[in-house]
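Inspection log for the structure reproduced underneath, given as structure tokens.
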Amino acid sequence: MFDKLAWIRLPRNVVVGHGVIDETAAAIDEVHLGGTPLIVTSPTPRRIAGERVAEQFEASVTVTVETASFAAVERVIEAARAEEVDFLVGVGGGKAIDIAKMASDELGMGFVSVPTAASHDGIVSGRGSVPEGDTRHSVAAEPPLAVVADTEIIADAPWRLTTAGCADIISNYTAVRDWELAHRLKNVEYSEYAGALSQMTAEMLVGNADSIKPGLEESAWIVVKALVSSGVAMSIAGSSRPASGAEHLISHQLDRIAPGAALHGHQVGVASVVTEYLHSGSAGRWRNVRDALADIGAPTTADELGITAEDFVEAMTTAHEIRDRYTILGDGVSREAAVEAATVTGVI
Ligand SMILES: NC(=O)C1=CN([C@@H]2O[C@H](COP(=O)(O)OP(=O)(O)OC[C@H]3O[C@@H](n4cnc5c(N)ncnc54)[C@H](OP(=O)(O)O)[C@@H]3O)[C@@H](O)[C@H]2O)C=CC1
Ligand SMILES: O=C(CO)COP(=O)(O)O
Ligand SMILES: [Zn+2]
């Protein structure tokens, strides 16, 4: 008798390359999804990619969403039922993809991810994040059956979206440290395989920092591959643990305290500078994290995020409350300790 249930849900077809958007229907066919797709997109991605995806099918339905909300997920579910579609395709950044992912989960329908920006690892994962009440963190949702990432489109997206994706990957270092800590102190289940994959993904991205530059299509390749790998680590773990530790808790808290101030990846990157400091002290590796962010042009200070020192410190001191996830924040860092960590690291 097994006392453990392993449940790893991964994409079956990951297509990455120049111009592959025009192969979306073929990639979908390969995973045996047939019939009419419901394309979930947002205004800019619709113009750039959504229409090119739609024209590959005899019939399709498109829903354009403007904001990430449960109302938008409901609208997509209603459209899918009313139009009797067979599967969902999310075309865009995290907003369109997560709305499609959450709706697919509810509908029990196949889901395909067509990212137009490499802004964070949610574009390839089985985790969905749509703000609900006070909740900002991800929940389990339908993983994509196929991912179609056109590097020509992604390389043309605003550069800040790509640096945000890089910073989300760089934050894997501290996420894994938090996970190991929770394993040691709280007996939280830890997967060495998922932890090693997540850490290696960050190392490879940092090792390739010289090739991550605006206007260079190879950057999109490197970042998408890292996001896929991070998504796989989360699938193996069955949670976002390998890619989300205290730095993510701080970012989720910033989303409440200073909504819309900065991109997810940029926030978790800056937060990981201070959480690395909390882990290893002033002589530790926080400078490596900061320098890795600076090398790819991501923010390294609260000011660059457009967040005040006061708000950043408040997020640090309250972030432990938002989720049952043990990290270096323990049962809360004091205001003095938060100010010290953020000041020594130059974050505030
Ligand atoms: N599942 C997970 O684990 C995670 C999910 N998230 C979720 O993801 C969302 C944030 O993702 P993010 O990608 O930053 O947000 P969006 O999907 O809102 O995209 C960011 C902006 O980029 C625009 N855009 C997208 N692609 C292109 C392109 N190729 N060229 C020009 N502009 C483009 C969008 O246009 P437009 O305004 O027209 O949409 C939007 O203005 C949030 O809803 C968040 O909750 C965040 C982290 C993790
Ligand atoms: O953003 C994520 C991983 O990079 C998902 O993490 P959360 O579960 O904390 O939302
Ligand atoms: Zn993240």
Side-chain angles (χ1 to χ4, degrees), residues 5-11 40 42 65 67-78 80 87-90 92-113 115 119-145 147 165 168 171-172 175 178-179 182 188-191 194 198 227-228 230-256 259 263-265 267-268 271 315 318-327 329:
L5 188 64
W7 191 247
I8 302 179
R9 302 176 79 209
L10 295 164
V40 181
S42 62
V65 294
T67 45
S69 64
F70 266 74
V73 177
E74 278 306 318
R75 195 153 67 83
V76 169
I77 292 170
E78 278 166 25
F87 61 95
L88 277 72
V89 185
K95 176 177 56 185
I97 287 174
D98 274 22
I99 290 171
K101 194 188 280 182
M102 306 281 275
S104 305
D105 200 59
E106 177 68 25
L107 291 159
M109 280 183 187
F111 159 64
V112 174
S113 175
S119 48
H120 54 73
D121 53 18
I123 60 173
V124 290
S125 74
R127 312 282 309 172
S129 173
V130 171
E132 187 195 21
D134 263 355
T135 305
R136 295 289 176 276
H137 59 73
S138 69
V139 296
E142 190 67 22
L145 281 166
V147 179
D168 201 19
S171 82
N172 286 12
D178 280 316
W179 195 14
V188 165
E189 195 175 341
Y190 178 76
S191 157
S198 173
L227 299 176
V228 171
S230 195
V232 169
M234 288 189 268
S235 289
I236 293 167
S239 85
S240 59
R241 263 288 191 184
S244 168
E247 75 296 319
H248 272 67
L249 296 181
I250 294 170
S251 170
H252 298 323
Q253 201 59 331
L254 287 173
D255 285 341
R256 293 181 190 166
L263 292 167
H264 168 83
Q267 291 181 177
V268 300
T318 54
H320 64 288
E321 294 165 359
I322 64 173
R323 177 189 221 179
D324 181 21
R325 176 163 293 193
Y326 192 80
T327 69
L329 301 175

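Worth saying up front: this structure is predicted, and the values here are computed from it rather than measured.
The heavy-atom pair separating Pro242 from Ala175 by the smallest distance is O-CB, 3.6 Å. The two residues Gly92 and Ile97 make their nearest non-hydrogen contact at O-CD1, 3.4 Å. The shortest non-hydrogen separation linking Lys101 to Ser125 is NZ-O, 2.9 Å.
Here the side chains of Asp134 and Ile322 are not in contact, with every heavy-atom distance at 4.5 Å or above. In this structure, Asn172 and Ser230 have side chains that are in contact, with non-hydrogen atoms separated by less than 4.5 Å. Counting heavy atoms from C-beta on, the side chains of Val73 and Glu106 never come closer than 4.5 Å. Side-chain contact check for Ser244 versus Arg323: some heavy-atom pair is nearer than 4.5 Å. For the pair Asp105 and Phe111, the minimum side-chain heavy-atom distance is 4.5 Å or more. Using a 4.5 Å heavy-atom cutoff, the side chains of Ile250 and Leu329 are in contact. Residues Met109 and Glu142 are not in side-chain contact: their nearest non-hydrogen atoms beyond the backbone lie 4.5 Å or more apart.
Between the side chains of Asp121 and His264, no donor N or O sits under 3.5 Å from an acceptor N or O. Under the 3.5 Å distance criterion, with hydrogens and angles disregarded, a donor-acceptor pair is assigned to the side chains of Ser240 and Arg325.
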- prompt: Could you walk me through whether Phe87 and Ser104 pass the side chain to side chain contact (heavy atoms under 4.5 Å, CB included) check?
  reply: CA-CA 8 Å; Phe87 61 95; Ser104 305; over 6 Å; no

